[in-house]
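Counting starts at 1 for both ligands and their atoms, in listed order.
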Amino acid sequence: MSAVSPLRYQLKRPVFFVGFMGAGKTSVARRLARDCGVASVDMDTYLERREGKTVKEIFDEGGESLFRTIETNVLKEITTKPPMLISCGGGVVTREENRAILKEAGFVIFLKITVEEAAARIHNKESRPLFNNLESARQRNKERLPLYEEVADVVINTAGKSTPKIAFEIQRLLEKEGLLCPQQR
Ligand code: S3P
């Protein structure tokens with residue numbers, strides 16, 4: 001019996017996933033990591049472990065400005081590690097300093113979604129202090145759109161696509177870019 005040698009991949013640079021809350025950044029990064037055998041990290045989860053507090057607790061304690069300061073420190077920390085797939089919090093692009101880091105440190109994928117679709121996907125709205133209602137989310141998304149576009153190396157429309165489908169589309173793209181390289185196990 002001849003065994004087919006499964007491929008595993010190596011990531012050449014960090015790959016950042018940006019986009020509005022509910023765009024699927026974490027699910028897509030996780031799925032791609034699993035499919036390709038590369039590491040992934042979710043910035044909010046990393047931040048919560050580092051601080052020993054939830055995002056909501058940080059917002060309650062020091063507001064958005066405290067959260068953004070910690071978020072910038074986390075971004076700096078993560079970019080010193082070996083390349084990973086990094087799902088960023090939706091507001092990472094609001095600071096100019098963060099946008100400069102994203103552009104400089106790796107390849108940025110903007111997962112684009114409408115606020116209506118995002119709302120349908122987000123089950124635990126309590127955990128997202130900045131997704132309070134549809135109207136304010138629409139406004140926030142409108143303000144951020146040019147910032148997502150500014151940092152993006154590529155824009156992927158996620159409307160109507162499943163997580164595995166988006167992950168596969170990105171896998172192909174990263175292989176083509178020479179950022180994801182197959183290796184024999
Ligand atoms: C935020 C998005 C959240 C989290 C925080 C703030 C934002 O991350 O970082 O609640 O400003 O859009 P997700 O995009 O993963 O929900």
Side-chain angles (χ1 to χ4, degrees), residues 14-34 39-79 84-102 105-152 154-159 161 163 166-167 170:
V15 174
F16 299 100
F17 291 84
V18 301
F20 205 62
M21 291 170 267
K25 294 161 289 185
T26 308
S27 326
V28 170
R30 268 198 205 130
R31 173 70 195 218
L32 186 58
R34 208 184 74 196
S40 72
V41 64
D42 176 69
M43 268 184 67
D44 284 338
T45 307
Y46 182 98
L47 182 150
E48 288 184 336
R49 290 204 186 119
R50 181 183 186 267
E51 298 301 307
K53 291 173 195 155
T54 64
V55 168
K56 185 175 182 314
E57 282 164 353
I58 297 168
F59 267 80
D60 289 345
E61 192 182 299
E64 184 173 352
S65 94
L66 173 64
F67 176 77
R68 296 292 168 216
T69 299
I70 302 171
E71 184 177 54
T72 297
N73 292 335
V74 164
L75 183 62
K76 286 179 181 163
E77 215 168 283
I78 283 178
T79 49
M84 286 187 276
L85 303 172
I86 302 161
S87 47
C88 301
V92 75
V93 293
T94 56
R95 275 198 173 189
E96 192 179 349
E97 186 182 4
N98 296 352
R99 297 200 295 280
I101 296 172
L102 292 171
F107 189 81
V108 184
I109 299 175
F110 169 26
L111 297 185
K112 198 169 180 181
I113 192 172
T114 64
V115 167
E116 286 68 22
E117 280 172 289
R121 281 198 205 170
I122 298 175
H123 301 300
N124 183 10
K125 292 196 181 56
E126 284 293 295
S127 69
R128 286 160 165 108
L130 295 183
F131 204 118
N132 10 26
N133 67 66
L134 261 189
E135 200 36 60
S136 70
R138 254 188 223 113
Q139 184 55 33
R140 203 178 290 282
N141 190 34
K142 197 173 151 198
E143 284 161 14
R144 288 182 182 173
L145 202 56
L147 306 179
Y148 292 134
E149 281 167 352
E150 180 193 320
V151 295
V154 66
V155 182
I156 308 269
N157 258 303
T158 64
K161 293 181 199 161
T163 299
I166 301 166
I170 295 172

[X] N/O under 3.5 Å from ligand 1 N/O:
X: Gly91; value: yes
X: Gly90; value: yes
X: Asp44; value: yes

Any donor-acceptor N/O pair, Thr69 side chain to Ser65 backbone, under 3.5 Å: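 A pair under 3.5 Å: yes.
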Just by distance, do the side chain of Asp42 and the backbone of Thr26 share a donor-acceptor pair under 3.5 Å?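 No; zero donor-acceptor contacts below 3.5 Å.
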Heavy-atom distances under 4.0 Å are what count here, so tell me which part of Phe131 touches ligand 1: side chain, backbone, both or neither.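 None of Phe131 does.
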Would you say the side chains of Arg31 and Ser40 form a donor-acceptor pair under 3.5 Å?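 Short answer, no.
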Do Gln139 and Glu143 meet the criterion of a side-chain donor-acceptor pair at a distance under 3.5 Å?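 Per modelled atom types, Gln139 and Glu143 side chains form a pair under 3.5 Å.
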Would you call Arg68 a ligand 1 contact, heavy-atom distance under 4.0 Å?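 Contact present.
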Is the closest heavy atom of Lys25 to ligand 1 under 4.0 Å?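 Right, Lys25 reaches ligand 1.
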What I want to find out is whether Lys112 reaches Glu149 closely enough, with some N-O distance under 4.0 Å, to be called a salt bridge.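 A salt bridge links Lys112 with Glu149.
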I need the nearest protein heavy-atom contact for atom 16 (O) of ligand 1: residue, atom name and distance, please.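 Protein heavy atom with the smallest distance to atom 16 (O) of ligand 1: Arg128 NE, 2.7 Å.
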Could you find the nearest protein heavy atom to atom 12 (O) of ligand 1 and give me its residue, atom name and distance?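 That would be Arg144 NH1, 2.7 Å.
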Could you measure the distance from the CD atom of Glu71 to the CD1 atom of Ile78? Nearest 0.5 Å is fine.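 So the gap between those two atoms works out to 10.0 Å.
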About how many Å separate CG of Asp44 and OG1 of Thr54, when rounded to the nearest 0.5 Å?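 If we round to the nearest 0.5 Å, Thr54:OG1 and Asp44:CG are 10.5 Å apart.
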Does the pair Glu97 and Arg68 meet the rule for a salt bridge (Lys or Arg N to Asp or Glu O under 4.0 Å), with working shown? CA-CA 11 Å; Glu97 186 182 4; Arg68 296 292 168 216; over 6 Å; no
Closer than 4.0 Å to some heavy atom of [X] - which atoms of ligand 1 meet that?
X: Pro129; answer: 10 (O)
X: Val55; answer: 5 (C), 10 (O)
X: Leu130; answer: 11 (O)

